[in-house]
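The structure under discussion appears below in the form of structure tokens.
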Amino acid sequence: MPGRLIGVDRDRIQVAARRVMARCDELARVTATPGEGIERIYLSPEHARVNRLVAEWMREIGMSTRQDAAGNQVGRIDRGDRDAPALMLGSHLDTVPDAGRFDGIVGVLMALEVVRLLRVPGEGGLEATVPLPFALEVIAFSDEEGTRFGKALLGSSAVAGSWRDEWWALTDAAGVTLREAFRDFGLDPGRVGEAARSPEELVGYLEAHIEQGPELDRRGESLAVVSSIAGARRFQIVVEGEARHAGGTPYESRRDALLGASEAALAVERICRAEHHIVGTVGQLEAYPGAVNIVPGEARLSLDLRGELDGSRDRVWSAISRDLDEIMGRRGLRWRAREVHAAPAVFCAPILQDVVREGVLSTLPAGADDPATIFSRAGHDGMAIAGIADVGMLFLRNPDGISHHPDEAVAAADVAVGIQALAEAVLHLGAEHATGR
Ligand code: GLV
Ligand code: MN
Ligand code: MN
């Protein structure tokens with residue numbers, strides 16, 4: 001592949017990075033919980049507000065904009081032929097509860113800066129000198145985290161055409177169904193299929209994201225090529241026992257659902273720790289009826305299970321299930337699990353790994369070693385988009401590896417080299433396409 005392609009001066013990239021950081025701050029103020037942390041869930045008023053802001057920023061760099069039928073915000077720059085396939089860049093704007101300000105968001109804003117660098121004349125735009133053989137789109141996915149309805153990747157699943165009718169009945173914490181939430185937001189559930197894109201429309205999907213882990217920080221490197229995205233399965237588990245008086249019930253008569261659930265959580269840790277590249281998390285645990293003087297008759301826990309390889313992750317789920325049978329049997333409890341999310345592991349396309357590697361190399365001194373190539377332990381929209389397009393990802397160092405937490409961070413200097421790497425990756429892909437690969 002050719003070497004460094006971009007002719008943009010470093011000052012412009014620094015300005016772009018500073019704009020990304022300032023906009024991350026601006027979007028962080030669009031939250032349902034002002035003063036308490038960031039929370040921006042699917043189909044909420046905050047979702048509508050960030051879409052409007054991002055649409056303005058898209059138009060500012062000459063993109064045509066639309067909000068699709070699943071609430072994803074899309075911007076596009078055509079290349080003459082309005083039906084030409086597009087390279088899609090982007091990430092998501094929704095958050096977990098009490099979130100940081102960069103997960104997803106920084107990837108959307110970096111994509112906008114790449115479009116600005118490549119296409120906006122007078123702003124370092126290279127359109128005249130480096131024409132791309134495809135259209136460019138930026139997409140801000142509406143639901144990656146699954147915070148509101150438990151099912152993650154709703155926005156990107158709609159784009160991938162893998163939306164399932166059974167999801168309409170999913171409810172949020174207030175009992176609002178996904179169908180009702182669509183209508184309240186001004187979307188028509190009957191038209192969600194219109195968000196779907198076909199493989200012919202897309203050249204590929206490239207996403208920049210913070211690593212959400214400590215690997216790059218430990219290595220002292222800014223950027224990495226992503227090789228694959230770990231698959232995830234999520235379950236809601238119900239343990240049934242018997243509610244009884246907390247004073248009058250001797251231990252031998254108790255069927256305490258919370259103790260069964262607690263043992264289950266410890267079993268998840270023990271089993272997953274013994275496996276390479278598998279992590280299991282019980283992030284929610286509730287006891288019912290939830291009174292200080294009642295032995296819990298029911299407990300509900302969530303399980304998030306991830307692994308680099310689907311086969312080993314599924315074997316771990318079987319092992320956990322066997323342990324739960326034993327624990328609950330011993331304690332006189334019953335249990336059942338409902339799978340609320342399943343996404344297989346996805347491998348990044350070799351061509352996109354190559355161009356991202358070229359992009360990262362362009363930010364390093366001549367003769368530098370190849371950049372790190374790591375797999376993503378976190379989930380990303382590319383997992384759904386892989387159903388219709390090649391996907392590739394660029395990771396940015398995430399100090400201390402902390403994410404899904406208000407202290408989540410990324411350095412402006414890493415965002416700057418990230419923008420350069422992403423822009424270079426796009427140009428390298430353009431060059432590959434132009435030579436007919
Ligand atoms: C999304 O961040 C996930 O991996 O849960
Ligand atoms: Mn996340
Ligand atoms: Mn994310």
Side-chain angles (χ1 to χ4, degrees), residues 20 24 27-28 31 37-42 47 50 54 72 89-111 139-157 159 205-215 224 226 228-236 272 277-284 302-308 310 313 339-346 348 374-386 391-398 401-410 415 418:
V20 167
C24 285
L27 293 180
T31 168
I38 306 166
E39 180 170 322
R40 201 163 49 240
I41 57 173
Y42 190 33
H47 169 188
V50 289
V54 167
N72 301 300
L89 307 173
S91 190
H92 62 97
L93 294 178
D94 65 313
T95 75
V96 291
D98 203 18
R101 59 187 60 199
F102 302 106
D103 174 359
I105 292 109
V106 79
V108 174
L109 300 177
M110 286 172 63
I139 187 156
F141 287 111
S142 53
D143 173 85
E144 186 264 5
E145 305 285 7
T147 304
R148 183 165 181 187
F149 293 101
K151 167 78 192 87
L153 304 173
L154 286 171
S156 41
S157 296
V159 171
Y205 171 69
L206 261 183
E207 171 168 348
H209 203 287
I210 54 167
E211 183 201 336
Q212 304 184 280
E215 179 95 12
V226 178
S228 69
I229 309 172
R233 295 177 74 179
R234 290 185 188 160
F235 301 88
Q236 291 296 338
C272 293
H277 288 336
I278 301 276
V279 283
T281 303
V282 174
Q284 296 168 327
S302 61
L303 172 61
D304 176 299
L305 201 56
R306 304 175 188 227
E308 186 183 14
D310 294 343
R313 185 205 54 206
E339 185 158 11
V340 291
H341 172 70
V346 155
C348 294
I374 58 184
F375 82 95
S376 171
R377 293 164 187 272
H380 298 289
D381 293 296
M383 301 170 92
I385 298 303
V391 305
M393 288 192 76
L394 168 72
F395 266 176
L396 276 68
R397 168 166 47 193
N398 175 201
I402 187 162
S403 182
H404 284 187
H405 185 278
D407 291 348
E408 182 179 273
V410 67
V415 172

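Just follow the structure's listing: the first ligand is 1, and inside any ligand the first atom is 1.
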Give the atom numbers and elements of ligand 1 that come within less than 4.0 Å of a heavy atom of R306. 3 (C), 4 (O), 5 (O)

Report, in ascending order of atom number, the atoms of ligand 1 lying under 4.0 Å from any heavy atom of R234. 3 (C), 5 (O)

Any carboxylate oxygen within less than 4.0 angstrom of a Lys/Arg side-chain nitrogen, looking at R40 and D94? no

Can you name the atoms of ligand 1, numbered from 1 with element, that are less than 4.0 Å from a heavy atom of G379? 1 (C), 3 (C), 4 (O)

N/O separation below 3.5 Å, E145 to ligand 1: yes

Would you say H404 contacts ligand 1, with heavy atoms under 4.0 Å as the rule? yes

Between E339 and R233, does at least one N-O distance fall below 4.0 Å, as a salt bridge requires? yes

Centroid-centroid distance, H277 to F375, less than 6.0 Å: yes

Which of the N/O/S atoms in D103 sits closest to the Mn ion (ligand 3)? OD1

Donor-acceptor pair, S302 side chain versus F235 backbone, under 3.5 Å? no

Any atoms of ligand 1 less than 4.0 Å from a non-hydrogen atom of E144? List them with their elements. 1 (C), 2 (O)

Looking at ligand 1, does H209 have a heavy atom less than 4.0 Å from it? no

Scan L396, L109, I210 and name whichever one has a side-chain contact (heavy atoms from CB on, under 4.5 Å) with V415. L396

Closer than 2.8 Å to the Mn ion (ligand 2), do we get an N, O or S atom from E145, backbone or side chain? yes

So does G104 get a backbone contact from the side chain of S91, meaning a donor-acceptor N/O pair under 3.5 Å? yes

Short N or O distance, A378 and ligand 1, threshold 3.5 Å exclusive: no

With heavy-atom distances below 4.5 Å as the criterion, would you say the side chains of M393 and L206 are in contact? no

Pick one: which of D143, D381, N72, D103 meets side-chain hydrogen bond (donor to acceptor under 3.5 Å, both in side chains) with H92? D103

Does the shortest distance from the Mn ion (ligand 2) to an N/O/S atom of H404 fall below 2.8 Å? yes

What do you get for the angle at the Mn ion (ligand 3) between NE2 on H92 and NE2 on H209, to the nearest 10 degrees? 110°

